[in-house]
Participant: 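One structure, as C-alpha coordinates, below. Some questions next.
Worth knowing before you read on, the calculation uses all heavy atoms, side chains too, and leaves out hydrogens, waters and symmetry mates.
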Amino acid sequence: MAMIFLALGLVLIAEGLAYVLAPSLVERLLEMMRQLALDERRRVGALAIVLGVILLWIAHQLGA
(Lines give C-alpha, C1' and ligand atoms only; values in the text may rest on other atoms or scores of the structure.)
Protein backbone atom coordinates (compact mmCIF):
# COMPACT_ATOMS: atom_id res chain seq x y z
CA MET A 1 0.00 0.00 0.00
CA ALA A 2 2.88 2.35 0.76
CA MET A 3 4.17 1.82 -2.78
CA ILE A 4 0.84 3.01 -4.21
CA PHE A 5 1.03 6.22 -2.19
CA LEU A 6 4.65 6.66 -3.23
CA ALA A 7 3.77 6.22 -6.90
CA LEU A 8 0.78 8.57 -6.74
CA GLY A 9 2.81 11.18 -4.92
CA LEU A 10 5.56 11.04 -7.53
CA VAL A 11 3.01 11.31 -10.35
CA LEU A 12 1.44 14.38 -8.75
CA ILE A 13 4.87 15.99 -8.29
CA ALA A 14 5.80 15.34 -11.93
CA GLU A 15 2.44 16.63 -13.18
CA GLY A 16 2.67 19.72 -11.01
CA LEU A 17 6.21 20.46 -12.17
CA ALA A 18 5.13 20.24 -15.80
CA TYR A 19 2.39 22.83 -15.24
CA VAL A 20 4.66 25.12 -13.19
CA LEU A 21 7.75 24.98 -15.39
CA ALA A 22 6.27 24.67 -18.89
CA PRO A 23 2.56 25.53 -19.06
CA SER A 24 2.70 26.43 -22.76
CA LEU A 25 4.32 23.08 -23.54
CA VAL A 26 1.48 21.33 -21.69
CA GLU A 27 -1.05 23.26 -23.79
CA ARG A 28 0.70 22.21 -27.01
CA LEU A 29 0.84 18.60 -25.84
CA LEU A 30 -2.88 18.61 -25.05
CA GLU A 31 -3.62 20.08 -28.47
CA MET A 32 -1.56 17.33 -30.11
CA MET A 33 -3.47 14.71 -28.11
CA ARG A 34 -6.78 16.21 -29.27
CA GLN A 35 -5.70 15.69 -32.87
CA LEU A 36 -5.00 11.97 -32.35
CA ALA A 37 -7.69 9.44 -33.12
CA LEU A 38 -9.40 7.82 -30.14
CA ASP A 39 -7.67 4.48 -30.73
CA GLU A 40 -4.28 6.17 -30.83
CA ARG A 41 -4.99 7.93 -27.53
CA ARG A 42 -5.95 4.59 -26.01
CA ARG A 43 -2.66 3.10 -27.20
CA VAL A 44 -0.74 6.01 -25.67
CA GLY A 45 -2.60 5.48 -22.39
CA ALA A 46 -1.95 1.73 -22.43
CA LEU A 47 1.73 2.34 -23.12
CA ALA A 48 1.88 4.77 -20.20
CA ILE A 49 0.32 2.15 -17.92
CA VAL A 50 2.77 -0.54 -19.03
CA LEU A 51 5.75 1.77 -18.56
CA GLY A 52 4.46 2.81 -15.15
CA VAL A 53 4.09 -0.78 -14.01
CA ILE A 54 7.60 -1.56 -15.23
CA LEU A 55 9.01 1.43 -13.36
CA LEU A 56 7.17 0.41 -10.18
CA TRP A 57 8.52 -3.12 -10.51
CA ILE A 58 12.07 -1.81 -10.95
CA ALA A 59 11.65 0.47 -7.91
CA HIS A 60 10.38 -2.49 -5.89
CA GLN A 61 13.35 -4.61 -6.97
CA LEU A 62 15.69 -1.83 -5.88
CA GLY A 63 14.12 -1.80 -2.43
CA ALA A 64 11.70 1.11 -2.59
Participant: Closest heavy-atom contact between Arg34 and Arg41?
Facilitator: O-NH2, 4.1 Å
Participant: Could you tell me which residues satisfy salt bridge (Lys or Arg N to Asp or Glu O under 4.0 Å) with Arg42, sequence neighbours excluded, listed by chain and number?
Facilitator: Asp39
Participant: How would you list, by chain and number, every residue that makes a side chain to side chain contact (heavy atoms under 4.5 Å, CB included) with Ile4, sequence neighbours excluded?
Facilitator: Met1, Leu8
Participant: So, using side chain to side chain contact (heavy atoms under 4.5 Å, CB included) as the criterion, who are the partners of Val26 when residues are at least two apart?
Facilitator: Ala18, Tyr19, Leu30
Participant: By side chain to side chain contact (heavy atoms under 4.5 Å, CB included), which residues pair with Arg28, not counting sequence neighbours?
Facilitator: Leu25
Participant: Any chance you could pull the hydrophobic cluster mates of Val44, using side-chain heavy atoms under 4.5 angstrom and chaining through other members?
Facilitator: Met33, Leu36
Participant: Rest of the hydrophobic cluster containing Leu62 (Ile/Leu/Val/Met/Phe/Trp/Tyr, side-chain heavy atoms under 4.5 Å)?
Facilitator: Val50, Ile54, Trp57, Ile58
Participant: Taking side chain to side chain contact (heavy atoms under 4.5 Å, CB included) as the definition, give me every residue that meets it alongside Leu10, ordered by chain and number, with sequence neighbours left out.
Facilitator: Leu6
Participant: Using links of under 4.5 Å between side-chain heavy atoms of ILVMFWY residues, direct or through other members, which residues join Leu38 in one cluster?
Facilitator: none
Participant: About how many Å separate CE of Met32 and CD of Glu27, when rounded to the nearest 0.5 Å?
Facilitator: 14.0 Å
Participant: Please give the remaining members of the hydrophobic cluster of Val20, linking ILVMFWY side chains under 4.5 Å, ordered by chain and number.
Facilitator: Ile13, Leu17, Leu21
